[in-house]
Amino acid sequence: MKRYNPKELEPRWQKTWDKDGTYKANLKSDKPKYIAMSMFNYPSGTGIHIGHAMNYTISDVKARFKRQSGYESYHPVGWDAFGLPAENYAIKAGVSPSRSMAKIIPDYHKQYKAMAWSNDWSKEISTHEPEYYKWTQWIFSQMYKNKLAYQDARLQWWCEKCQTVLANEQVIDGKCWRHDSADDPLVEKKEVKQWFFKITDYADELLDAIDSLDWTDSVKLAQKNWIGKKTGINITYSIEGITEEREVTCFTTRPDTNFGATFIVISPEHELAEELANGKLAAKTGSDMKKIAEYIKASTVKSEIERQQEGRKKTGVFTGLYAVNQLNNQKLPIYIGDFVLSGFGTGAVVGVPGHDIRDFEFAQAFDLPIERVVVGDDGDELPITRAEQVQEDNGKMINSEFLDGLHIKDATEKMMDHMEAKNMGKRVVNYRMRDWSVSRQRYWGAPIPIIHCPKDGIVLVPDEQLPVVLPQLEDFKPSGDGRSALARAKDWLSVECPKCGGKAERETDTLDTYIDSSWYMYRYFDPQNQDKIFDSEIVKKWEPIDFYNGADHATAHLLYARFIARFFTKLGLVNEPEPFKQFLFNGKVVAQDGAMFSKSKGNGVDPLDIINQGYGADALRTYLMFAAPLELWTKWDPQGVPGTYRFLARIWNLTQEYLSAQEGNTEDKLTQDIHRTIHGMIKKVTKDIEENRYNTAIASIMQAVNELYKFKTKSLARSDVWQEAFEGVIMCVAPFAPHIADELWHQLGYKDSVHIDHWPKYDDKYLASDEITIVVQVNGKVRANITMPSDATEEDIVKTAKVNEKVKEYLNKKEVRKTIYVPRKLVNFVV
RNA sequence: GGGCGAGUGGCGGAACUGGUAUACGCGACGGACUUAAAAUCCGUUGCCUGAAUAAGGCUUGUGGGUUCGAGUCCCACCUCGCCCACCA
């Protein structure tokens with residue numbers, strides 16, 4: 001008998017599939033289409049790790065399942081090759097990033113193939129190739145032409161180590177996401193001229209569509225929070241006793257509490273603050289210009305993390321000015337405080353210390369009055385002196401004249417109506433989301449296709465001159481003045497202005513790599529197109545992506561991709577505004593102690609090691625999909641792969657036994673049992689894979705195999721029903737363990753691959769048994785099981801249950817007050 | 001601080017719309033084969049009392065509730081994980 005030897009058979013099948021083009025997708029096929037993919041990989045040079053093995057196997061199983069089920073199934077492959085890690089690695093190693101990519105990517109090919117991911121290699125893409133980034137640049141041009149790209153000088157997060165600006169989501173705990181260890185520097189704010197995409201124009205669209213997405217709920221919620229839509233009111237206050245006439249406008253979502261307002265705080269970046277600091281304005285009674293200027297300076301230098309380290313201790317400075325609350329003519333002193341953010345709302349807030357914790361803390365720090373205007377569920381009406389009395393998000397109004405007695409929700413509406421009628425304020429909507437900063441001052445990215453002309457200003461590179469090819473440089477370190485290394489590429493830099501033909505200079509910023517990854521799924525459908533970004537006809541046939549998964553990038557990447565898809569619909573390039581029909585936010589594999597696998601900790605698990613130890617990719621894939629539900633984080637168990645290896649070997653051994661058995665008949669009872677087992681398995685596996693519950697799908701195959709081992713002790717013969725059983729098991733296990741499946745499929749006599757168009761069908765008629773087991777309870781406790789013919793009536797069942805010895809004991813001649821009967825399942829006697 | 005999710009054997013985890021809790025796997029123990037080991041196969045394995053594969057009791061983080069019946073539904077609390085975080 002041949003032994004199960006993955007080391008021999010796996011490479012052999014990989015070659016065969018390659019040669020036969022088994023996984024090549026025909027995008028013009030008449031079959032129904034299906035595309036499953038995981039977020040593409042960033043080739044870092046360290047190879048794939050167990051986390052990649054997890055991610056890509058998830059979408060591969062899905063793609064294989066659909067391919068077997070008769071779909072034209074496409075499992076694409078590509079590389080997110082631009083970006084900082086490759087560039088930093090190149091700086092360190094002294095090799096250009098393009099050269100190191102040329103070396104790294106072929107290594108990845110080997111690893112992907114060893115894992116048996118059913119990729120269509122003929123359509124491979126990489127974002128760093130000019131053929132690809134030509135179209136990334138084209139997207140920028142389209143944005144610019146549609147007035148969705150603009151340049152603006154803004155305070156940006158700046159990482160000293162990266163020498164580049166960072167998006168908000170790239171700042172983690174006050175540090176750069178790439179440099180977040182203890183000895184790394186904190187990020188700073190720096191004023192930089194940046195290119196932006198106006199994603200905020202799409203905020204409502206992006207928000208409204210979220211509910212209808214078939215995505216992991218936590219991701220949908222994260223997207224909603226990221227957009228952060230808030231409806232409120234901008235209240236404008238006039239300022240008293242000032243040298244020039246001024247107003248201050250505050251945004252609030254809680255105008256109902258406005259009778260409790262006792263002060264106003266503006267952000268250090270507020271223009272009023274600036275005017276006070278440079279002496280343009282002052283209170284008639286005098287403002288401490290020096291103190292104000294010092295405070296502003298100190299707070300801009302202060303990093304985010306320093307502010308956090310100070311906890312909630314509020315700082316600020318009085319301006320000498322007062323605003324007037326028109327509701328009750330109360331004078332509200334105006335402060336400058338750094339807890340107020342300039343980027344949200346109007347950069348000014350009205351302080352209601354009785355009902356907002358931050359305002360309360362500020363009031364305590366500056367000894368400002370605290371008024372109660374809401375009584376919460378606790379009924380506490382006492383003056384507010386402690387923090388835990390603050391913040392009633394439910395309650396009724398007091399001390400608020402015409403609002404008294406109203407619930408806060410109704411009071412909010414009434415106050416907004418009142419303020420709008422009296423011209424005190426105007427309803428507004430605010431978003432947390434800002435425009436997408438797309439400039440990076442780094443070398444390894446797609447150059448922004450812009451030319452700066454002394455005469456014509458900003459000029460777009462004409463489409464026919466794209467791509468603007470990234471020049472080969474010896475030294476790609478940032479230039480140090482805030483510009484990328486491209487600023488030193490003098491030949492490249494100097495260019496003829498497309499408008500006037502005069503001497504001009506290229507833009508030296510490159511595009512954020514999130515743009516590369518926000519449209520790559522479309523390029524998969526037409527990877528070689530030289531004339532267009534892609535053929536819309538093919539894309540419209542294949543969109544949306546049916547299945548997408550990943551363990552990271554729940555907000556930024558997915559939101560940007562959705563934005564680009566919506567932009568593409570407006571350009572008529574695609575039909576579907578939502579690019580990903582289904583998104584699964586899968587869990588990660590972590591070390592046994594719960595720590596993340598990482599190179600620096602040296603606790604990584606290399607999938608290739610496990611394969612080469614002799615367990616094979618099939619056992620590894622099966623273990624990863626079996627260990628836990630896909631959305632859960634899993635701890636790596638070194639005993640796990642041997643376990644699934646054993647399971648596959650059991651299938652192998654049993655099949656060998658069958659193949660060397662004599663031809664013969666299988667008796668009816670056994671035939672029935674085998675049918676029930678196999679068809680039950682097929683039903684469960686089909687449903688479970690469909691619903692992304694791979695762990696229980698595998699469990700039910702294991703269970704069926706265990707059953708077959710029992711059945712074979714009765715009689716194992718080369719009969720139709722046994723043949724059907726082995727084919728069923730092999731087809732069901734094929735998405736998880738593709739090599740052993742195709743090998744055994746051929747041993748069973750087939751000449752084609754199990755992986756195309758071979759998914760078993762089940763028939764419910766085999767699932768029915770002629771006997772049913774009924775649970776009998778007395779007072780809700782299980783006391784007996786009875787076996788009844790499957791056509792037994794309720795009357796029969798209850799009668800039989802009642803006379804059961806065990807049950808009789810518990811009924812103990814007492815009167816049965818109530819009998820509950822659950823059809824074909826259970827009887828419960830209440831005494 | 002806010003939001004979301006999860007607590008089930010020694011471990012990873014099953015359990016459909018409330019109906020036999022602990023499927024499947026790992027580990028452990030026992031047996032068969034073997035000179036021996038590995039591999040393989042067959043058993044046992046939630047906890048407590050019991051000699052018992054007799055019988056009984058208990059058990060899904062804790063405490064209450066609804067129900068004939070609760071891992072599942074409701075309320076309160078505890079613990080852990082993830083995400084966001086001075087967003088007005």
Side-chain angles (χ1 to χ4, degrees), chain A residues 1 3-4 169 173 216-222 224-226 228 230 232 250-255 257 265 304 307-308 310-314 337-341 343-352 355-359 361-362 387 391 393 430-433 554-555 585 587-588 592 594 622-623 626-629 631-644 646-647 649-650 653 684 687 693 695-706 709-710 713 773-785 817-823 825-831:
Chain A
M1 189 172 90
R3 278 195 57 185
Y4 173 44
E169 61 270 22
D173 289 337
T216 303
D217 284 336
S218 63
V219 175
K220 287 164 73 165
L221 196 78
K224 280 188 191 174
N225 291 342
W226 190 260
K230 293 250 165 69
C250 301
F251 173 73
T252 178
T253 55
R254 292 291 305 279
T257 60
V265 188
E304 198 77 343
R307 288 189 194 181
Q308 276 179 28
E310 286 165 12
R312 293 182 162 270
K313 199 172 148 241
K314 295 286 179 286
D338 67 6
F339 81 96
V340 177
L341 307 173
F344 187 78
T346 57
V349 301
V350 50
V352 183
H355 305 288
D356 181 287
I357 194 76
R358 294 151 305 185
D359 296 351
E361 285 157 0
F362 194 83
Q391 286 223 329
D393 50 8
N430 266 312
Y431 298 91
R432 205 191 84 111
M433 183 172 71
T555 44
F585 193 51
K588 292 184 178 180
Q592 270 181 304
T622 306
Y623 169 67
F626 173 67
E631 56 275 10
L632 246 56
W633 287 48
T634 325
K635 281 181 189 155
W636 176 253
D637 176 5
Q639 304 286 355
V641 176
T644 47
R646 241 178 336 252
F647 159 62
R650 273 164 72 79
N653 293 339
K684 177 105 174 95
K687 191 165 178 255
R693 303 188 323 173
N695 59 328
T696 49
I698 293 166
S700 62
I701 304 172
M702 289 173 168
Q703 202 163 6
V705 171
N706 292 347
Y709 264 84
K710 281 187 193 124
T713 60
T773 302
I774 306 283
V775 175
V776 187
Q777 300 180 335
V778 178
N779 286 341
K781 293 210 170 195
V782 178
R783 296 303 179 189
N785 287 321
R817 287 192 290 129
K818 202 169 166 189
T819 303
I820 286 125
Y821 173 68
V822 180
K825 269 193 181 148
L826 171 141
V827 179
N828 185 14
F829 296 112
V830 185
V831 294

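The chains referred to below are lettered A, B, ... by the order of the sequence lines, with proteins before strands, and numbering in each begins at 1.
- Nucleotides B:rU8 and B:rA70, compared at atom C1', are 14 Å apart to the nearest Å.
- Rounded to an integer number of Å, the gap from CH2 of A:Trp226 to P of B:rC84 is 8 Å.
- Between the CZ atom of A:Phe339 and the P atom of B:rG1 there is a distance of 19 Å, given to the nearest Å.
- For the P atom pair drawn from B:rG2 and B:rC16, the interatomic distance equals 33 Å after rounding to whole Å.
- For the pair A:Lys314 and A:Phe362, the NZ or CZ position fails the cation-pi test of under 6.0 Å to the six-membered ring centre and within 45 degrees of the ring normal.
- Atom CZ of A:Arg693 and atom P of B:rA14 are 9 Å apart (whole Å).
- The distance between atom CD1 of A:Ile701 and atom C1' of B:rA14, rounded to the nearest whole Å, is 16 Å.
- Rounded to a whole angstrom, the distance from the P atom of B:rG65 to that of B:rU59 is 15 Å.
- Applying the 90° cutoff around 0 to the glycosidic angle, B:rG50 is assigned syn.
- Nucleotides B:rG63 and B:rU79, compared at atom P, are 16 Å apart to the nearest Å.
- The backbone N or O of A:Ser218 lies less than 3.5 Å from no partner atom in the side chain of A:Thr216, so there is not a single donor-acceptor pair.
- Remark: the separation of the C1' atoms in B:rU45 and B:rG9 is 10 Å, to the nearest Å.
- What you find for A:Thr644 and A:Met702 is that their closest heavy atoms are CG2-CE, 4.4 Å.
- Annotated as anti: B:rG57, whose O4'-C1'-N torsion sits more than 90° from 0.
- Remark: A:Lys781 is in phosphate contact with B:rC58, judged by side-chain N or O atoms under 4.0 Å from OP1 or OP2.
- What you find for A:Asn779 and A:Asn828 is that their closest heavy atoms are N-OD1, 3.5 Å.
- Note: NZ (A:Lys220) to P (B:rC83) measures 20 Å, nearest angstrom.
- With both ends at atom C1', the span from B:rG5 to B:rU53 equals 43 Å, rounded to whole Å.
- With A:Asn653 contributing its side chain and A:Ala649 its backbone, the two residues share a donor-acceptor pair below 3.5 Å.
- What separates CZ of A:Arg3 from P of B:rA38 is a distance of 14 Å, to the nearest Å.
- Distance A:Phe585 CZ to B:rC82 C1': 9 Å, rounded to the nearest Å.
- Remark: C1' of B:rG13 and CG of A:Leu632 are 9 Å apart, rounded to the nearest angstrom.
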### Task
Determine, for nucleotides 18-28 of chain B in 5'-to-3' order, which nucleotides have protein heavy atoms under 4.0 Å from the base (write B), from only the sugar-phosphate (write S), or from neither (write -).
-BB--BBSSS-
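- For A:Arg693, the side chain to side chain donor-acceptor pair (under 3.5 Å) criterion is met by A:Asp688, not counting sequence neighbours.
- Rounded to a whole angstrom, the distance from the C1' atom of B:rU72 to that of B:rA15 is 9 Å.
- Among all heavy-atom pairs drawn from A:Phe251 and A:Lys230, the shortest one is CZ-O, 4.1 Å.
- Relative to the side chain of A:Tyr709, the nucleotides B:rC4, B:rC41, B:rC86 differ in distance, and B:rC41 lies closest.
- The gap from the C1' atom of B:rC73 to that of B:rU60 amounts to 16 Å, rounded to the nearest Å.
- The A:Arg432 side chain lies nearest to B:rA85 when the options are B:rA85, B:rA88, B:rC68.
- A search for side chain to side chain donor-acceptor pair (under 3.5 Å) contacts involving A:Lys687 returns nothing, not counting sequence neighbours.
- Side chain A:Lys635 to base B:rC11: no donor-acceptor pair is found below 3.5 Å.
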### Query
Pairs counted as Watson-Crick or G-U wobble with both distances under 3.5 Å: what dot-bracket string results for RNA chain B, using | for bases tied to another strand?
(((((((..(((......[....)))((((((.......))))))((((.....))))..(((((..]....))))))))))))....
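- Residues forming a salt bridge (charged side-chain N to carboxylate O under 4.0 Å, His left out) with A:Arg650 (at least two apart in sequence, or on another chain): none.
- Every ring pair (Phe, Tyr, Trp, His ring centres under 6.0 Å) that A:Tyr623 has, sequence neighbours left out, goes to A:Trp636.
- Annotation for A:Val340 and A:Val349: closest pair CG2-CG2, 3.7 Å, computed over non-hydrogen atoms.
- Mapping A:Thr634 and A:Thr713 onto RNA chain B via the closest heavy atom, the residue that lands nearer the 5' end is A:Thr634.
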